[in-house]
Peer 1: 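A single structure is presented below for examination.
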Amino acid sequence: MQSRPGPVDQGIWLVRQKGKSFPSVLFVHENRGLNPYIEDVAAFASRSQFHRLCTRRVTSVGGYPGSDEKGPPPFRTVDGKKMTEDFVAAAKWLKARPDSTGKLGAVGFCFGGGNGESIGRAAGR
């Protein structure tokens, strides 16, 4: 998955359903990174017959630091425009997969919730 020229550190977590095509869900983390709570919610989606994709947009600055309190400072150092481009690329890639029905939803947490609308518009609802 390539969202822009040059090196891209996607840091993704994709879980696919076996068998026929399924709708997909993109999980957009909060300003702390992909923490255990979001991973748990995403795990529930796979039990509900969805492909799921969680992107780790803070991988380039060390990833989830192990506590929610330590997450925001490194998150603020990531280029916001590039981060949004990566989320949009992830949505388009997930939607276009041959094992996807082409239906895509996004679940955002805090920061991610604010980006869900722009990701949906850019990825072509």
Side-chain angles (χ1 to χ4, degrees):
M1 171 179 18
Q2 186 73 23
S3 61
R4 59 184 182 279
V8 178
D9 187 355
Q10 287 289 359
I12 63 172
W13 177 35
L14 173 66
V15 176
R16 299 178 309 142
Q17 296 293 337
K18 292 182 180 179
K20 61 182 182 171
S21 297
F22 290 94
S24 302
V25 179
L26 173 67
F27 288 84
V28 185
H29 62 69
E30 55 194 351
N31 66 352
R32 291 152 180 84
L34 185 57
N35 63 25
Y37 171 72
I38 297 170
E39 290 176 351
D40 287 347
V41 173
F44 178 77
S46 67
R47 291 192 302 269
S48 302
Q49 302 299 305
F50 289 97
H51 297 307
R52 71 173 186 256
L53 177 69
C54 299
T55 60
R56 294 180 173 106
R57 298 283 37 99
V58 293
T59 301
S60 63
V61 292
Y64 178 67
S67 77
D68 286 351
E69 293 76 27
K70 294 178 183 175
F75 179 85
R76 288 190 286 270
T77 66
V78 179
D79 183 318
K81 182 180 178 195
K82 289 179 182 177
M83 189 183 302
T84 299
E85 289 171 356
D86 289 344
F87 280 128
V88 170
K92 288 179 178 179
W93 177 80
L94 190 56
K95 187 176 178 181
R97 289 182 54 86
D99 55 358
S100 171
T101 61
K103 294 181 180 180
L104 174 69
V107 177
F109 298 81
C110 188
F111 159 82
N115 282 285
E117 180 69 25
S118 60
I119 292 166
R121 276 181 282 148
R125 292 184 188 218

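Source: prediction; values computed, not measured.
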Peer 1: Which heavy atom of Ser24 sits nearest a heavy atom of Leu94, and at what distance?
Peer 2: CB-CG, 3.4 Å
Peer 1: On a heavy-atom basis, which atom in Leu104 and which in Ala91 lie closest, and how many Å separate them?
Peer 2: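 Minimum heavy-atom contact is CD2-O, 3.5 Å.
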Peer 1: Restricting to non-hydrogen atoms, name the atom on Lys81 and the atom on Asp79 that form the minimum distance, rounded to 0.1 Å.
Peer 2: N-OD1, 2.9 Å
Peer 1: Would you say Val41 and Phe109 make side-chain contact, with heavy atoms under 4.5 Å?
Peer 2: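 Side chain of Val41 against side chain of Phe109, heavy atoms only: contact under 4.5 Å found.
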Peer 1: Would you say that Pro72 contacts Arg32 through its side chain, given a criterion of any heavy-atom pair below 4.5 Å between the two side chains?
Peer 2: yes
Peer 1: Aromatic rings Phe75 and His29: how do their planes relate, parallel, tilted or perpendicular, breaks at 30° and 60°?
Peer 2: perpendicular
Peer 1: Can you see which heavy atom on Ile38 is nearest to which on Glu30, and at what distance?
Peer 2: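 Heavy atoms of Ile38 and Glu30 come nearest at CD1-N, 3.8 Å.
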Peer 1: Determine the minimum heavy-atom distance between Leu26 and Ala90, stating which atoms define it.
Peer 2: CD1-CB, 4.2 Å
Peer 1: Once side chain to side chain contact (heavy atoms under 4.5 Å, CB included) is applied, do any residues pair with Val88, and if so which ones, sequence neighbours excluded?
Peer 2: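 Per chain and number, Val88 pairs via side chain to side chain contact (heavy atoms under 4.5 Å, CB included) with Thr84, Lys92, Ile119, Ala122.
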Peer 1: Please identify each residue that fulfils side chain to side chain contact (heavy atoms under 4.5 Å, CB included) with Pro73, with sequence neighbours left out.
Peer 2: Arg76
